[in-house]
Amino acid sequence: MLKHKLSDIASVSVSSVDKKRSGEEKDVHLCNYTDVYRNWAITSQIKSSFLSATATDAEISKFSLKKGQVVITKDSETSGDIGISAYVAEEFENTLLGYHCALITPKTEICNGAYLNAFLNSSTAREYFKNNASGSGQRFSLSTRALQETPIYLPTLKIQKIVGNFFSAIDRKISLNNEINRNLPLSV
């Protein structure tokens with residue numbers, strides 16, 4: 001298993017898209033911090049929680065969600081709430097990543113997004129994020145440099161796909177069970 005820096009295997013872009021609306025900008029859906037923080041994967045099942053916002057053409061080009069990407073929280077009130085990632089599991093139309101998050105686009109010839117998400121949720125990555133958070137008191141943050149230098153251990157692409165598919169299947173089962181539980185009748 002080879003050790004890489006995140007910037008060697010993916011591009012990292014820190015989102016600047018806010019939830020404010022402007023008449024000169026285009027209407028978009030906004031996947032925000034809580035959508036990333038609360039979900040293992042970004043899927044159409046959670047699209048109803050996306051905010052309505054507006055964005056410039058440049059923001060749309062740079063921060064549109066695409067299947068295979070990974071999104072990650074980069075700012076929060078506590079150091080334990082940064083570095084939480086989610087896998088973009090489906091294609092989305094007109095949907096951008098909001099501020100306080102970063103968009104990670106894996107180089108697909110060497111890195112599988114589902115595996116990368118699983119690795120970023122590991123204790124190794126979580127410890128790195130905690131140790132590299134800057135700030136105190138009111139706000140903690142991961143700098144772009146800290147994100148880019150995140151150490152990532154990569155097995156072969158074949159193994160990455162197996163691991164990524166395994167965790168994605170577990171997430172789908174958990175989501176299905178949660179949906180079934182939400183639809184159960186309340187007992188009297």
Side-chain angles (χ1 to χ4, degrees), residues 4-77 81-121 125 129 132-135 138-150 152 160 164 168 171 175:
H4 300 271
K5 289 190 295 186
L6 183 58
S7 62
D8 293 338
I9 62 165
S11 66
V12 179
S13 301
V14 175
S15 180
S16 58
V17 183
D18 63 32
K19 56 187 174 184
K20 296 177 185 168
R21 298 186 61 81
S22 171
E24 298 96 41
E25 297 176 340
K26 295 181 179 172
D27 289 331
V28 295
H29 302 286
L30 196 62
C31 174
N32 66 29
Y33 179 95
T34 56
D35 298 318
V36 175
Y37 186 84
R38 292 181 181 156
N39 295 285
W40 176 269
I42 305 301
T43 66
S44 56
Q45 288 178 315
I46 65 167
K47 190 172 181 174
S48 64
S49 69
F50 293 168
L51 300 172
S52 292
T54 59
T56 65
D57 287 335
E59 290 171 327
I60 293 169
S61 175
K62 191 170 183 178
F63 300 113
S64 288
L65 295 183
K66 296 176 183 71
K67 183 177 181 177
Q69 293 175 317
V70 177
V71 293
I72 192 167
T73 61
K74 68 164 277 328
D75 302 306
S76 188
E77 289 79 24
D81 288 341
I82 58 172
I84 306 295
S85 68
Y87 175 64
V88 181
E90 298 177 21
E91 290 295 337
F92 288 93
E93 232 179 88
N94 207 32
T95 303
L96 310 185
L97 182 64
Y99 66 108
H100 299 303
C101 295
L103 184 62
I104 302 169
T105 305
K107 295 176 183 175
T108 56
E109 66 278 4
I110 58 173
C111 182
N112 175 271
Y115 170 84
L116 181 60
N117 181 52
F119 183 85
L120 293 174
N121 278 285
F129 295 139
N132 285 277
S134 59
Q138 302 259 340
R139 198 118 190 96
F140 290 87
S141 182
L142 282 171
S143 69
T144 301
R145 183 174 180 195
L147 283 168
Q148 292 171 333
E149 292 183 358
T150 303
I152 306 292
Q160 289 178 52
S168 294
D171 178 61
S175 294

(message) Under the rule for side-chain contact (heavy atoms from CB on, under 4.5 Å), what residues qualify as partners of Thr54, not counting sequence neighbours?
(response) Arg21, Ser22, Glu25, Asp27
(request) Enter the distance from Leu142:CG to Lys74:NZ here, rounded to the nearest 0.5 Å. (result) 7.0 Å
(message) Strictly distance-based, threshold 3.5 Å: is any side-chain N or O of Thr73 a donor or acceptor partner for the main-chain N or O of Tyr37?
(response) no
(message) Side chains of Asp81 and Tyr33, heavy atoms from C-beta outward: is any pair under 4.5 Å?
(response) yes
(request) Under the side chain to side chain donor-acceptor pair (under 3.5 Å) rule, collect the residues that match up with Asn94, sequence neighbours excluded. (result) none
(request) Using side-chain contact (heavy atoms from CB on, under 4.5 Å) as the criterion, list what pairs up with Ser134, not counting sequence neighbours. (result) Ser141
(message) If I take atom SG from residue Cys101 and atom CD1 from residue Ile82, how far apart are they, to the nearest 0.5 angstrom?
(response) 12.0 Å
(request) State whether the side chain of Asn117 and the backbone N or O of Gly113 hold a donor-acceptor pair below 3.5 Å, judged by distance alone. (result) no
(request) Kindly indicate whether the side chain of Leu120, heavy atoms from C-beta on, has any atom under 4.5 Å from the side chain of Phe129. (result) yes
(request) Check side-chain contact (heavy atoms from CB on, under 4.5 Å) between Lys107 and all other residues, then give those that pass, not counting sequence neighbours. (result) Glu109, Ile110
(request) Quick one: which residue pairs count as a ring pair (Phe, Tyr, Trp, His ring centres under 6.0 Å) with a foot in residues 83-114, not counting sequence neighbours? (result) Phe50-Phe92
(message) So Val17 and Leu97, do their side chains get closer than 4.5 Å, heavy atoms only?
(response) no
(message) Nearest 0.5 Å, please: how far is OG in Ser52 from NE2 in His29?
(response) 6.5 Å
(request) Could you pull out all residues at least two apart from Arg38 that satisfy salt bridge (Lys or Arg N to Asp or Glu O under 4.0 Å)? (result) none
(message) Give me each pair satisfying salt bridge (Lys or Arg N to Asp or Glu O under 4.0 Å) with a member in residues 62-73, each pair once, sequence neighbours excluded.
(response) none
Please tabulate, one pair per line, all N/O donor-acceptor pairs under 3.5 Å involving side-chain atoms of residues 39-47, not counting sequence neighbours.
from	atom 1	to	atom 2	distance (Å)
Asn39	ND2	Asp35	O	2.7
Thr43	OG1	Gln45	N	3.3
Ser44	OG	Glu90	OE1	2.9

(request) Sequence neighbours left out, what passes side chain to side chain donor-acceptor pair (under 3.5 Å) with Ser13? Give chain and number order. (result) none
(message) For a quick test of reading the model, state the closest non-hydrogen atom pair linking Ala133 to Phe140 and the distance between them.
(response) CB-CD2, 4.4 Å
(request) State, to 0.1 Å, how close Gly164 and Ala114 come at their nearest heavy-atom pair, and which atoms those are. (result) CA-CB, 3.6 Å
(message) Working to the nearest 0.5 angstrom, can you tell me the gap between Ile60 CD1 and Thr95 OG1?
(response) 10.5 Å
(request) Mind checking side chain to side chain donor-acceptor pair (under 3.5 Å) for Asn112 and listing every partner two or more places apart, or none if nothing turns up? (result) none
(message) Minimum heavy-atom separation for Ala55 and Leu96, please, with both atom names.
(response) CB-CD1, 3.4 Å
(request) Under the side chain to side chain donor-acceptor pair (under 3.5 Å) rule, collect the residues that match up with Lys26, sequence neighbours excluded. (result) Asp57
(request) Report the distance from atom CG of Leu147 to atom OG of Ser7, rounding to the nearest 0.5 Å. (result) 10.5 Å
(message) Given 3.5 Å as the limit, does a donor-acceptor pair link the side chain of Ser61 with the main chain of Glu59, or not?
(response) no
(message) Tell me every residue that passes salt bridge (Lys or Arg N to Asp or Glu O under 4.0 Å) with Glu149, counting only those two or more places apart in sequence or in another chain.
(response) Arg145
(message) Tell me whether Thr150 contacts the main-chain N or O of Ala146 through its side chain, where contact means a donor paired with an acceptor under 3.5 Å.
(response) yes
(request) Decide yes or no for Glu77 and Gln138: does some side-chain heavy atom of the first lie under 4.5 Å from some side-chain heavy atom of the second? (result) no
(request) Rounded to the nearest 0.5 Å, what's the gap from CD1 on Ile72 to OG on Ser15? Could you check? (result) 13.5 Å
